Amino acid sequence: MAVSYKKLGLVNTVEMFKKAVKGGYAIPAFNFNNMEQLQAIVSACAEKRSPVILQISSGARKYANQTLLRYMAEGAVAYAKELGWEKPQICLHLDHGADFEICKSCCDMGFSSVMIDGSSLPFDENIALTKKVVEYAHQFDVTVEGELGVLAGVEDDVVAEKSNYTEPKDVIDFVSRTGVDSLAISIGTSHGANKFTPEQCTRDENGILIPPPLRFDILEEIEVKLPGFPIVLHGSSSVPQEYVAQINKYGGALKNAVGIPEEQLRKATKSAVCKINIDSDGRLAMTAAVRKILVEQPEVFDPRKYLGPAREELKKMYMHKCEDVLGSAGKA
Ligand code: G3H
Ligand code: 13P
Ligand code: ZN
């Protein structure tokens, strides 16, 4: 039997996005695959009183099981309340839904929002698929994110070598014909910890890679065409160089890892960008903490001894994102 997210204490993105666009901030969309990541996200957002979108990717569904993750999100609402957050603003969202069936299954099992990623399809096929998902999801007040333009890196297990920026001329047609609630666009962000090749970057005096700026001109054109319409940025990890250095110091081998500078994300939050996706930074924070402990304390073999501190590091990073980058702290 279908379960409504409303019964689980979750919310969809309608109110969140309305307030975020008006208030000039963005809602964090953090991916999770396991208990420690979820605990870190929920405790960080409860402490900061930040609305939050919990994202489940296709990789997470394969790794941890969609049903189990859904129950964990339900538990997250109760956990948030236990932490003193009276009215948690938590959305459960399918990240990069590849087809109608996956989106339907998530709507039926208690997700409050889904993304249908038809970005690699021809324009009219993307519209037809997205519209089909919207028609199904809206019956249950589940919100839908669509995507136009392709990000470089991994999307839905498909690796795109080059990004394909969103064409501003297409956005009105896409939004009006599909009925989506938000639109993910491509303006130079990409997935993973290596967002740009060294050739695309310059270097500062310490040899650190400086990435090319985001295409704010495209974002502005889109905003003119769709005033106030919720825009989403994927691939928005900043790839903190302290984590990269710590991973490499303790036996890792991350080469030329580079992300989106936080100042650029902060600038984006002032526009209609109201959802910012961050996954890789969480992976880096956890890995950096775990590597350090396992190298410095080789006698440790209780996973709580390294996953516990990793969870603390993650929480710190998430609080920083809410407070200093997205501006979502105090908005829930
Ligand atoms: O969109 C990409 C996310 O970072 C999820 O990646 O499929 O490896 O979990 P994943
Ligand atoms: P990052 O790899 O930059 O964290 O992007 C995550 C993302 O867009 C999830 O959909
Ligand atoms: Zn993404």
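Order of listing sets the numbers, starting from 1, for every ligand and every atom in it. Values below: every heavy atom of this structure, side chains too, minus hydrogens, waters and symmetry copies. Remember, predicted model here, so these are calculated numbers, not experimental data.
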Fill in: contact_flag M115 ligand 2 heavy-atom lt 4.0 Å
no
Does this structure show an ion pair linking [X] with [Y], if we count only N-O contacts that are shorter than 4.0 Å?
X    : Y    : answer
K132 : D99  : no
D324 : R266 : no
K225 : E221 : no
K267 : E263 : no
E323 : K48  : yes
E312 : K315 : no

Measure [X] to ligand 2 on non-hydrogen atoms and call it side chain, backbone, both or neither using the 4.0 Å cut-off.
X    : result
A29  : neither
I260 : neither
D95  : side chain

Close-contact set for ligand 1 against [X] heavy atoms, below 4.0 Å:
X   : value
H96 : 1 (O)
G59 : 7 (O), 9 (O)
D95 : 1 (O)

Fill in: H234, portion touching ligand 1 at heavy-atom distance under 4.0 Å
neither
Worksheet item: Are any of the N/O atoms in S57 less than 3.5 Å from those in ligand 1?
Response: yes
Item to complete: Look only at interatomic distance and state if D279 has a nitrogen or oxygen under 3.5 Å from any nitrogen or oxygen of ligand 1.
Response: yes
Identify, for [atom], the protein heavy atom at the shortest distance, and state residue, atom and that distance.
atom                   : value
atom 8 (O) of ligand 2 : G235 N, 2.7 Å
atom 7 (C) of ligand 2 : H191 CD2, 3.3 Å
atom 3 (O) of ligand 2 : K195 NZ, 2.5 Å

Response to the item:
Per-atom filter on ligand 2: closer than 4.0 angstrom to a heavy atom of S280 are 1 (P), 2 (O), 4 (O)
Response to the item:
So the atoms of ligand 2 within less than 4.0 Å of a heavy atom of N31 turn out to be 9 (C)
Worksheet entry | Check: S119 side chain, D117 main-chain N or O, donor-acceptor pair, under 3.5 Å | no
Discussion item. Out of R283, H191, K62, who is nearest to atom 6 (O) of ligand 1 when you count heavy atoms only?
Written reply: R283
Discussion item. Restricting to N, O or S, what is the name of the atom of H234 that lies nearest the Zn ion (ligand 3)?
Written reply: ND1
Worksheet item: Does the cation-pi check pass for R215 over Y165, that is, NZ or CZ under 6.0 Å from the six-membered ring centre and within 45° of its axis?
Response: yes
Fill in: Stacked cation flag K275 on F17, 6.0 angstrom / 45 deg
no
Discussion item. Pairing donors with acceptors under 3.5 angstrom, does anything connect the side chains of N126 and T130?
Written reply: yes
Worksheet item: What do you reckon, are the aromatic ring centroids of Y318 and F30 less than 6.0 Å apart?
Response: yes
Item to complete: Look only at interatomic distance and state if I278 has a nitrogen or oxygen under 3.5 Å from any nitrogen or oxygen of ligand 2.
Response: no
Worksheet item: Judging by distance only, is a nitrogen or oxygen of D281 under 3.5 angstrom from one on ligand 2?
Response: no
